Amino acid sequence: MATEPARLGVCPNCGNDIPSGYLLIEYETENGRAQFAECPDCREIVHPRL
């Protein structure tokens, strides 16, 4: 049975889902973890929204 890839969140620019395979970097901040990912639809580098 196939499963959907984990999702990082939603692109703040176009609103489409960002799969976990598009993660570029994850890092710690004072407020917790943050991520940069490439949106597969609009091709922008963004902070995915949860």
Side-chain angles (χ1 to χ4, degrees):
M1 178 157 82
T3 60
E4 259 185 58
R7 156 183 113 110
L8 293 175
V10 175
C11 176
N13 295 336
C14 69
N16 290 318
D17 286 344
I18 300 176
S20 62
Y22 285 83
L23 177 67
L24 299 173
I25 189 169
E26 184 173 57
Y27 56 96
E28 294 289 329
T29 69
E30 291 178 359
N31 300 321
R33 278 192 249 185
Q35 302 169 328
F36 277 113
E38 179 183 3
C39 174
D41 295 312
C42 70
R43 298 290 200 204
E44 294 293 322
I45 305 300
V46 297
H47 287 283
R49 289 186 320 216
L50 297 177

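Throughout, residue positions are numbered sequentially from 1 according to the sequence presented. Below, all heavy atoms of this structure are taken into account, side chains as well, without hydrogens, waters or symmetry copies. None of the values given here were measured: they were computed from a predicted structure.
- Residue V10 is found outside any hydrophobic cluster, as its side-chain heavy atoms come under 4.5 Å of no other Ile, Leu, Val, Met, Phe, Trp or Tyr.
- Criterion: ILVMFWY side-chain heavy atoms under 4.5 Å apart, direct or through other members. Under it, I18 and L24 are not part of a common hydrophobic cluster.
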What donor-acceptor contacts under 3.5 angstrom involve side-chain atoms of residues 31-50, with partners at least two apart or in another chain?
from, atom 1, to, atom 2, distance (Å)
Q35, NE2, E26, OE2, 2.9
D41, OD2, N16, ND2, 3.1
H47, ND1, Q35, O, 2.8

